[in-house]
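The structure appears below as structure tokens.
Throughout, a chain's letter reflects where its sequence line sits, starting with A, and its residues are numbered from 1. Please read these numbers as outputs of a predicted model, since none were measured by experiment.
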2 protein chains.
Amino acid sequence: MILARIQKLSVAIPENLAEMLEEEIIFGRLKSLERLTEETVAARYGVSRSPVREALRLLERDGLVMREARRGIWVSPMTQRDFDEVYTCRIELEGLVAKQAAESADIEKKAEFKNLLSELKQAQARNDARQFFIVDVRGSLLTYTLAGNKTLTRLLGGLEKQALRYRYHAYEQDPKIIQLSLDDTARIYDAITAGDGESAKAMTENLIREIWQSMRAGIRDAFGEG
Amino acid sequence: MILARIQKLSVAIPENLAEMLEEEIIFGRLKSLERLTEETVAARYGVSRSPVREALRLLERDGLVMREARRGIWVSPMTQRDFDEVYTCRIELEGLVAKQAAESADIEKKAEFKNLLSELKQAQARNDARQFFIVDVRGSLLTYTLAGNKTLTRLLGGLEKQALRYRYHAYEQDPKIIQLSLDDTARIYDAITAGDGESAKAMTENLIREIWQSMRAGIRDAFGEG
DNA sequence: GACCTGTACATTGTATACAGTATGGTGTCG
DNA sequence: CGACACCATACTGTATACAATGTACAGGTC
């Protein structure tokens, strides 16, 4: 049973619940505008409504669900407008975090990028998109850790997940998009490891902008302009 | 009784609770590292622990309190390090929101900046720092509305409040800081109203950077480097 | 037939009861 | 006298019970 797994992993049920629901949303098993009633979620995971409510607050914080007072909670819609919002913010914040990560002197942690990159390549070779994105998230977390900026990390946490929804959708539409994503990621990792902050920032901004533009038309066709 | 006031204003108790606690923290009535036990807060406002827990989640989202699992919740500390984090993020995001606000065609809303500016001047003339900051926040909200970027607004909400703590402290130390803040704000409002996005962005970034630098030493002396 | 109104139901919001864990003090043993 | 173990206590975390509200549908009226 899933609950047992929760309890083994950690005592923090709301955080684990939120994590599972995040995955469901990112990988499209929970669809846009699908309703999430507290009791249904609670029953599904074998817990009471209390931790479910807290988990849903966490998802709301990260923009994955929308709440209307006394009416309920729905999975946030995906639209080109929202996509643009997420990516304009990402350009600024990912650029900043890349710069600060590059300025870190923690060589050991930086070395970890190499392992991640090979894991990404393996996932790509196996056409395992899900694994690819999971490793990609670990790369982001590593970057955040290197930057050592808690405030920035907090803000980015609320962007990454929504961004992943769009990226995963784009991959399903056209697997080649991962190729672009991998090349970009490799270059960013290199820049950070090299320690050149300004360069890392500029490269990150440009690369995210490229991905943004390359995905934009497909997002509009799939979800509308919003 | 406070509860009655809550119920009259809105049915959303957690949001109102959070707003009140935010004020307490921003204006220093709740001090750094002061513990917030759920029961104490609940008793103080005449509600049960359930809405208090939700309110504290909201404060956590905005970085005003820190939670340690199964240990409790404390008001977030103020340090120069945290101050730097907040302001480096603000530079990027406030610049972006100013640009997007400037690009809005909503002339009626833009006209509102004039009223806000005169209210700010009045508050300054009366040396009413509290009122000054309240109006200032309204100005930020107007800018966010003009920008029309929900994602950006969500992120900035989690920065503004922490930033206000530092700004209020700085004012208490040296009221002249408001003069700088007012001039800056007026220039930003003008740039947005004029509709020149790139200019508004650059000006905002520069002005926030100026405020940052002018406050930095005082923050370190008061709270340490962290 | 369209619109309004009232009522039943589903669901969120809040309060309370219970369980589990961290902390501080006290006592005992080395 | 110091260190460790144990217990009491206070608090967070979770479950459940209760209240309030929004929604949908049925019935009635114009």
Side-chain angles (χ1 to χ4, degrees), chain A residues 1-21 24-25 30-76, chain B residues 1-22 24-25 30-31 33-76:
Chain A
M1 184 60 201
I2 294 169
L3 176 59
R5 184 179 145 215
I6 294 177
Q7 288 178 337
K8 219 198 286 186
L9 285 173
S10 161
V11 284
I13 295 181
E15 278 76 5
N16 280 295
L17 265 179
E19 217 167 295
M20 294 187 191
L21 290 170
E24 304 265 330
I25 294 172
L30 286 173
K31 302 205 183 311
S32 287
L33 296 180
E34 188 167 337
R35 183 155 186 204
L36 291 174
T37 61
E38 297 174 358
E39 200 131 11
T40 306
V41 176
R44 182 168 166 202
Y45 290 100
V47 296
S48 79
R49 278 176 54 212
S50 306
V52 170
R53 280 181 75 83
E54 308 219 6
L56 291 176
R57 284 271 185 200
L58 294 174
L59 294 185
E60 192 187 2
R61 174 188 67 183
D62 292 340
L64 292 180
V65 302
M66 303 177 57
R67 148 176 316 204
E68 278 186 66
R70 292 186 193 280
R71 291 199 58 235
I73 287 185
W74 291 264
V75 176
S76 296
Chain B
M1 182 65 200
I2 294 169
L3 177 57
R5 185 181 142 214
I6 294 177
Q7 288 178 335
K8 219 196 289 187
L9 283 174
S10 160
V11 284
I13 295 182
E15 278 75 4
N16 280 294
L17 265 179
E19 216 168 296
M20 294 186 192
L21 290 170
E22 280 163 12
E24 305 265 329
I25 294 171
L30 286 173
K31 301 204 185 310
L33 296 180
E34 187 167 339
R35 181 152 188 206
L36 290 174
T37 61
E38 297 174 358
E39 200 133 9
T40 306
V41 176
R44 183 169 166 202
Y45 291 99
V47 296
S48 79
R49 278 177 54 212
S50 306
V52 170
R53 280 181 73 84
E54 307 218 8
L56 291 175
R57 283 274 186 198
L58 293 174
L59 294 185
E60 193 187 1
R61 172 188 69 182
D62 292 341
L64 293 179
V65 303
M66 302 177 58
R67 139 175 302 170
E68 277 186 65
R70 293 184 192 282
R71 292 198 59 233
I73 287 185
W74 291 263
V75 176
S76 295

**Message:** One thing to verify: whether A:Arg49 and A:Glu39 come together as a salt bridge, which I'm taking to mean a side-chain N less than 4.0 angstrom from a carboxylate O.
**Reply:**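 Salt bridge absent between A:Glu39 and A:Arg49.
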**Prompt:** Ion pair present between A:Arg57 and B:Glu15, side-chain N to carboxylate O less than 4.0 angstrom?
**Reply:**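 A salt bridge is present here (some side-chain N lies under 4.0 Å from a carboxylate O).
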**Request:** Check whether any side-chain N or O of A:Glu34 sits under 3.5 Å from a backbone N or O of A:Lys31 as a donor-acceptor pair, and report yes or no.
**Result:**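 Yes, because the side chain of A:Glu34 sits within donor-acceptor range (under 3.5 Å) of the backbone of A:Lys31.
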**Request:** Name the nucleic acid region contacted by B:Leu56, choosing base, sugar-phosphate or nothing; use a 4.0 angstrom heavy-atom cut-off, strictly under.
**Result:**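 No contact.
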**Message:** Heavy atoms only, 4.0 Å cut-off, all strands: where does A:Ser50 land among base, sugar-phosphate and nothing?
**Reply:**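 A:Ser50: base contact, heavy atoms under 4.0 Å.
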Side-chain N or O of [X] less than 4.0 angstrom from OP1 or OP2 on [N]?
{"X": "A:Ser48", "N": "D:dA15", "answer": "yes"}
{"X": "A:Arg53", "N": "C:dG13", "answer": "yes"}
{"X": "B:Arg71", "N": "D:dC11", "answer": "no"}

**Request:** State, with a plain yes or no, whether a side-chain heavy atom of A:Leu21 is found less than 4.5 Å away from one of A:Leu56.
**Result:**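 Contact flag for A:Leu21/A:Leu56 side chains = yes.
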**Item:** A:Arg49 or B:Glu38, whichever maps to the more 5' nucleotide of DNA chain D
**Value:**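 It is B:Glu38 whose nearest nucleotide is closer to the 5' end.
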**Prompt:** What nucleotide among C:dA15, C:dT12, D:dG13 has an atom nearest to a side-chain atom of A:Glu39?
**Reply:**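 Selected nucleotide: C:dT12.
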Could you go through residues 60-68 of chain B and list every donor-acceptor pair under 3.5 Å that involves a side-chain atom there, pairing it with any protein atom two or more places apart or in another chain?
{"residue": "B:Asp62", "atom": "OD2", "partner": "B:Lys161", "partner atom": "NZ", "Å": "2.9"}
{"residue": "B:Glu68", "atom": "OE1", "partner": "B:Arg71", "partner atom": "NH1", "Å": "2.9"}
{"residue": "B:Glu68", "atom": "OE2", "partner": "B:Arg71", "partner atom": "NH1", "Å": "3.3"}

**Prompt:** A:Trp74 CH2 to D:dG22 P: how many Å, rounded?
**Reply:**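 Rounded to the whole Å, the gap is 12 Å.
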**Message:** Show me the dot-bracket string of DNA chain D, counting Watson-Crick or G-U pairs under 3.5 Å, with | for pairs to another strand and [ ] for crossing ones.
**Reply:** ||||||||||||||||||||||||||||||
**Message:** The criterion is side-chain hydrogen bond (donor to acceptor under 3.5 Å, both in side chains); which residues satisfy it with B:Ser48, sequence neighbours excluded?
**Reply:**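 Checked B:Ser48 against side-chain hydrogen bond (donor to acceptor under 3.5 Å, both in side chains); zero matches.
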